[in-house]
Structure formats: structure tokens, C-alpha cells
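Everything on this sheet refers to the single structure shown next.
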Amino acid sequence: MPTDKQWLAFERWGKEHDSEIIHFDLLGNHFIVVNSMDAARELFEKRSAIYSDRPFLPSSTILLGYHWTMPLLPYGDRLRALRKGFHTFLQPTPAKEYRPLEREAVLQLLLNVLHNPEGFMAHLRHMAGAIILGIAYGIKVQPHDDPYVETVEKGLQAAAAVSEPHAQLFDLLPCLVHVPSWFPGVGWKRFAEKNHHWSTDVLEHPYLATKEAMARGTATPSVAATMTTEMESNGEMTPEGEAFVKQLVGNMYVAGADTTVCALENFILAMILYPEVQKKAQAEIDAVVGHDRLPDFSDEKLLPYVGALAKEVLRWRNVTPLGVPHRLTTDDVWKGYFLPENSTVLGNIWAILHDESVYGPDALSFNPDRYVNSDLPDPEIAFGFGRRVCPGQYMARDSIWLAVTLILATMDISKAVDENGEEIEPEQDYASSTVAYPRPFKCSIKPRSNAAAKLVDLETSDKMSG
Ligand code: HEM
């Protein structure tokens, strides 16, 4: 089994065997990889009744304590109730209500970048944290080094370590969970023991802050506060009711914190590598919005190239190349292939979004024009499949569009320059974990003009004082 960027090997194996799906067996565990859009639609969507469960992954659920997170929950009543909670607050219409909060967080991002361009990766993380902590808990984050943003960052760093082969051993042979951590070969268990507390910290700390704010009467509107008030007035605020609210907002916090960051880091990388795309998008914004104000959602329809660029961000280096594994709950047959019950089924989102028969020979290039006046499918598959499709996608798309548009309107992104004036080629590698973060890279981000910098200052001080 390759341990690095498995989605590339799975795509290659599919081509070598001329098959849309591939099967392999690891220590008696069946794995099926779905490499084509047609197969994904047929299995995950048309046959969703049997392809919507999750495999049991004790490295994350037991050893790190993330058993309460939705991507790891089996399909059942609890999961359906949580998804219903997500839909109430994050379907397209309610998601629009968070746009002012998103704008405030993106403006703070621009201000942070103006003052400290080198720290852009930390600023993006801060922006995504500000949005999700505001929506879920009504927490207004500190302008820098916010403790809740740091907690979720550490928690997710620990969670990402489950993609290491030493951790995956526990998922392939779950009985190893009971072997003492001093035993040779199970050293990863010690790492998990040391990091287990993060899964409780992310669940408890921000929720406690909302509860305290509600008790003081200082809570601002949020999913946690709205649900708590509603449940209290319906007499449903039992210990179970409270555990449900905590789990719902905890899922927003962990799932919303790093996915958007990864997409926006890829956007910055694309702008360095494809300067002509950046110029074209900036020209469109200038023509529609002018230089006296900053763009907003009301401009979205008038900016087709920028819209196409935001779609291409989701496709080009898609955030979760293998999505989240599904589990097949009963034996199945597809196109004459026998698919055994209990198989882990991986949708190779990477292969589907880079399929040359759909995207042409330049499938690996960043080219928004492919989406302009074309009937190419929207890259919605980046958000997964069927009954487990990402319930945060509308909010994520809004935040990505707004950040992309406001950054392009105000900043020029280019290669960083070293002390000899030579351009530095950006690092282009990315991680092999579920969320495929780009490796840290250097770049130069400068205001496009003094007027652009002033607009950012003006709008941020308006917002802060308002
Ligand atoms: C660029 C941003 C994002 C991408 C690319 C993304 C992608 C995905 C994917 C591929 C899945 C797995 C779907 C499947 O199993 O087939 C997923 C699940 C999920 N996402 Fe997202 N996501 C993003 C942002 C968000 C945000 C902002 C939130 C929360 C506010 C969120 C919440 C969730 C949750 C709770 C699940 C688990 C759903 C379940 O297991 O039923 N995601 N996401």
C-alpha cells in the first residue's frame, strides 16, 4: 500500500486495470475505491441505503476520543438528528444570514495581511475560526492568537496523525487497541494518549464560554444560544438535550475550522503560479465594482470569472482527495463485480475531479475559463456523496467566494523574493491526510494600491466601531 497521496496510486491502478472501481484487501479488510463519477452516482447516491455507513476507525474514535464527530458516526438516528440540526442552520437560506459575520472576518483577514503579510497562513486560519466560532457559539475571537482558534488547530493536528501507517494499524486490527502502550509496535498509542484531551477540549471549552455568556446575559446570537433557548422553553433541556447541542456545535467547530483554510491556501498558491488568472479576475472586479468600494455578495452574479475561479479552487487541489470513507452494509453487485458487505468504500474525489475525459488534457492546470459558458458539472463532488454529503457546503462556498473576491480586489499575490532579489519558487507539495493541506510556502502579498489599503482600513474601522 502506498502511504503517500494514495489517491494518485488508486487513480493509476484504475487506469492500469481499465476499471472504474478497484478492490484490495488489507489484513482481511476489504477496500473498494470508486474512481469515476458514474460509479459514484450509482453507488453512493442511487444505492445510498447501503453505502451511507462509516467504517469503525478506533484510532480516531477510541484512541483520540473523536467518537462524537459526524464523519465517524455510523448512519443512524443520532447522525440523522445532527444532520437535521445542520440543515436548520446551514441550508442555503439560513446560511445567508451569516454573510455579515463572514464579511467582518474577511475584512479582519485583509487588515492582518496588510500588517503582517508573511503570516498569511495563520491569518487564514484565524478568519475561518472567527466565522465558525461566531456562527456556532457567538464567540468573538481575539484579533490575534485566539485560544479557541489555537485549541481546534492543535486538536485537528492530532486528528490528522491518524493517516500515519502506525495509526492505521489500529483500524485494520482493532484488537490492538487493547494492547498496552509499552508493547513493541503500538507506540502510536502513546501519542494518542498524550493528545486524547484535545477531543474533549474542542467539545467543551467553547460551549462552556457560551453557557457562561448566557448566564451573564451577554450572549450574542448563535446556534448554541438559539438551540439552548428553544430547548429550555420546550422543557427539552435535559442532560441528553444539552449533550446534543454540544455535539452539534462541536461538529461545526471541528469540521469548519480547517477545510476552508486549506481551500484558501490553495487559492493563494494558484494565484502565485497563474498570474494571468489573477490579473483577469482583478480586471473583472475593477470593471464591475470600480475602486471606490469593496465588492460584496450583491456583486456575485456580475462576476462570472471570479465565480468560475472559486469553483476551480474547489476542483484543482481538492481539499479532501479521498473524501471520508463510507461503509457498505450488505453484499452488492455492480456491473458484474461482487462487492462484499462491510467493505470500506472510498470515493476518489481527486480522480473524478481530474478526469481527462471530462476536463481535457489540462485537467491538472488551474484554469477557471473551463467553467465560463460551459456545461462542465459544478465541482460539488468536492463535498462528497449521497446521504453523507457535507452539510457545511453552502457556508463554506460563501466564505471562500467572499475571501477570494476581497483578496483579489485589494491585494497582489506573487512569488516571494529572496535577499538577492531572486524569485522563490513556492513549495507545491501537500499533506497525505484526509484534509490535504499544502505544505507551508512563501509568497508576497501587497496591497494593489494605497487606495485599496485605505478602503480596507476604512471598512474595518467602520465595522469595528459599528
Ligand atoms: C472547502 C470546504 C469543505 C469541503 C471541501 C468539505 C468536504 C467534505 C466532504 C468530502 C465530506 C464527506 C462527505 C462524504 O462522506 O461523502 C464532508 C463531511 C462533513 N462536513 Fe464538510 N467540507 C467543507 C467545509 C465544511 C464546513 C465549513 C463544515 C461545517 C460548518 C463542514 C461540516 C461537515 C460535516 C459535519 C461532515 C460530516 C457529514 C456526515 O458524516 O454525515 N464541512 N465535508
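Every number for a ligand or one of its atoms is a count from 1 in the order of the listing.
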Can you check ring-ring contact (aromatic ring centres under 6.0 Å, His included) on Phe10 and Phe24, steps first, answer last?
-> CA-CA 10 Å; Phe10 297 158; Phe24 54 89; 5.4 Å; yes
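- Residues Tyr305 and Tyr371 keep their aromatic ring centres 6.0 Å or farther apart.
- Residue Leu82 does not touch ligand 1, judged by heavy-atom distances below 4.0 Å.
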ring-ring contact (aromatic ring centres under 6.0 Å, His included) between Tyr148 and Tyr253, worked out = CA-CA 10 Å; Tyr148 300 108; Tyr253 181 36; 7.4 Å; no
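- From the protein, the heavy atom lying nearest to atom 40 (O) of ligand 1 is Arg54 NH2, 2.8 Å.
- Under the 6.0 Å distance and 45° angle rule, Lys5 counts as a cation-pi partner of Tyr430.
- Side-chain contact check for Asp4 and Ser432: at least one donor-acceptor pair (N or O, by modelled atom type) lies under 3.5 Å.
- Those atoms of ligand 1 that come under 4.0 Å of a heavy atom in Ile400, given as number and element, are 1 (C).
- Looking at residues two or more places apart in sequence or on another chain, you find a ring-ring contact (aromatic ring centres under 6.0 Å, His included) between Phe297 and Trp401.
- Taking the centre of each ring, Tyr98 and Tyr394 stay at or above the 6.0 Å mark.
- If you look at Ile132 next to ligand 1, the close heavy atoms, those under 4.0 Å, all belong to the side chain.
- Taking every non-hydrogen atom of Phe86 and a distance limit under 4.0 Å, the qualifying atoms of ligand 1 come out as 29 (C), 35 (C).
- For the pair Asn251 and ligand 1, no heavy-atom separation below 4.0 Å is found.
- When the options Gly250, Ala382, Ser52 are ranked by their closest heavy atom to atom 5 (C) of ligand 1, first place goes to Ala382.
- Close approach of ligand 1 to Arg83 is summarised as follows: ligand atoms under 4.0 Å from at least one heavy atom of the residue are 38 (C), 39 (C), 41 (O).
- The ring of Tyr51 has its center no closer than 6.0 angstrom to the ring center of Phe385.
- Residue Val389 has no nitrogen or oxygen atom sitting less than 3.5 Å from a nitrogen or oxygen atom of ligand 1, judged on distance alone.
- With ligand atoms numbered from 1 in the order given, ligand 1 contributes 35 (C), 37 (C), 40 (O) to contacts under 4.0 Å with heavy atoms of Met70.
- Near Val324, meaning under 4.0 Å from one of its heavy atoms, ligand 1 places the atoms 12 (C), 15 (O).
- Ring planes of Trp188 and Phe170: tilted class, angle from 30 to 60°.
- Close N/O approach between Arg387 and ligand 1 is not found [any backbone or side-chain N/O within under 3.5 Å].
- Close N/O approach between Phe385 and ligand 1 is found [any backbone or side-chain N/O within under 3.5 Å].
- Gln168 meets the side-chain hydrogen bond (donor to acceptor under 3.5 Å, both in side chains) test with no other residue; sequence neighbours excluded.
- Residue Arg388 holds the heavy atom nearest to atom 39 (C) of ligand 1 of all those in Arg388, Arg80, His326.
- His354 is linked by a ring-ring contact (aromatic ring centres under 6.0 Å, His included) to Trp350, counting only residues two or more places apart in sequence or in another chain.
- The distance cut-off of 2.8 Å around atom 21 (Fe) of ligand 1 captures these protein N, O or S atoms, sorted by chain and number: Cys390 SG.
- Per-residue contacts place Val319 under 4.0 angstrom from the following atoms of ligand 1 (heavy atoms of the residue considered): 5 (C).
- With no hydrogens or angles considered, a side-chain donor-acceptor pair links Arg387 and Ser48 at under 3.5 Å.
- Checking Ser298 against Asp296 by side-chain atom types alone, no donor-acceptor pair falls below 3.5 Å.
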